[in-house]
Amino acid sequence: QVQLVESGGGLVQAGDSLRLSCTASGRTFNTYIMGWFRRAPGKEREFVALIRGSAGITYYADSVKGRFTISRDNAKNTVYLQMNSLKPEDTAVYYCAATSNIGSLTTTTTYNYWGQGTQVTVSS
């Protein structure tokens, strides 16, 4: 069992930056593929970014590519999402997720464990 706790959300202006953190319980954190998803008001939860493997291979949604960076610190059981050049359309609840499954890593159903979410609001 893995428990995930996100932090770092808040209210910022367009163009600002935020760094989200997600800390996991358990001693096998480094074996999990970690992802970030978000759900904007009135929309489905959507994939944002993931990081996998000992080499830290990353993958991003087109909407955040070049602005967001996912990283992990296995010694701290923590995954980060650095968000730069934020836009109002980035406003959403951001969720951290973990999986040991091999499947479509951009879909929510592949992930076993979820955090409670952290609100990010970007004003124009």
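Residues: numbered from 1 along the sequence shown. Model, not experiment: these values are computed from the prediction.
When all heavy atoms of S17 and V12 are compared, the pair lying nearest together is O-CG1, 4.4 Å. Here the shortest heavy-atom pairing between A14 and P88 reads CB-CD, 4.1 Å. A pairwise comparison of heavy atoms in G9 and L20 identifies N-CD2, 3.6 Å as the closest pair. L4 approaches A24 most closely through the heavy-atom pair CD2-CB, 3.5 Å.
Between T91 and E89 there is no side-chain heavy-atom pair separated by less than 4.5 Å. Side-chain contact between S7 and T118: absent, with no pair of heavy atoms (C-beta onward) separated by less than 4.5 Å. Contact check for R45 versus Y95: side-chain heavy atoms found under the 4.5 Å cut-off. Looking at Q82 and S71, their side chains never come closer than 4.5 Å, going by heavy atoms from C-beta outward. Looking at R38 and D90, their side chains come closer than 4.5 Å, going by heavy atoms from C-beta outward.
Judged by distance alone, the side chains of T121 and Q119 do bring a donor and an acceptor atom under 3.5 Å apart. Checking D73 against T78 by side-chain atom types alone, no donor-acceptor pair falls below 3.5 Å. A donor atom on one side chain and an acceptor atom on the other are not found under 3.5 Å apart for Y80 and R19. For the residue pair N77/T23, the side-chain donor-acceptor check at 3.5 Å is not satisfied.
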Next on the checklist: With side-chain hydrogen bond (donor to acceptor under 3.5 Å, both in side chains) as the criterion, how do T99 and N112 come out once you've worked through the C-alpha distance, each side chain's angles and the decisive distance to 0.1 Å?
Outcome noted: CA-CA 5 Å; T99 185; N112 309 96; 3.1 Å; yes
Next on the checklist: Walk me through whether V79 and I70 qualify under side-chain contact (heavy atoms from CB on, under 4.5 Å).
Outcome noted: CA-CA 7 Å; V79 62; I70 188 171; 3.9 Å; yes
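Summarising the hydrophobic clusters (Ile, Leu, Val, Met, Phe, Trp, Tyr; side-chain heavy atoms under 4.5 Å, direct or chained), the residues clustered with I102 are none.
Residues L105 and L81 do not share a hydrophobic cluster, clusters being chains of Ile/Leu/Val/Met/Phe/Trp/Tyr side chains in contact below 4.5 Å. Put simply, M34 and Y94 are part of the same group of oily side chains (I, L, V, M, F, W, Y) that touch within less than 4.5 Å, one to the next. Connection of F29 to L50 is not established within any shared hydrophobic cluster, with ILVMFWY side chains joined at heavy-atom distances below 4.5 Å, either directly or through further cluster members. V64 and V93 are not part of a single hydrophobic cluster, where members link through side-chain heavy atoms under 4.5 Å apart.
If you take CD on Q13 and OG on S124, they are separated by 9.0 Å, rounding to the nearest 0.5 Å. To the nearest 0.5 angstrom, S100 atom OG is 8.0 Å from I33 atom CD1. With values rounded to the nearest 0.5 angstrom, N101 atom CG is found 11.5 Å from S104 atom OG. Going from atom CD1 of I51 over to atom CZ of R72 covers 6.0 Å, rounded to the nearest 0.5 Å.
In this structure, R52 fails the cation-pi test against Y32, since its NZ or CZ atom is not both closer than 6.0 Å to the six-membered ring centre and inside 45 degrees of the ring normal.
Ion pair D62/K65 flagged as a salt bridge, since at least one NZ, NE, NH1 or NH2 atom sits closer than 4.0 Å to an Asp/Glu carboxylate oxygen. A salt bridge does not link E44 with R39: none of the charged nitrogens is closer than 4.0 Å to a carboxylate oxygen.
Sequence neighbours left out, the pairs with a member in residues 35-69 that pass ring pair (Phe, Tyr, Trp, His ring centres under 6.0 Å) are F37-F47, F37-Y111, F37-W114, F47-Y59.
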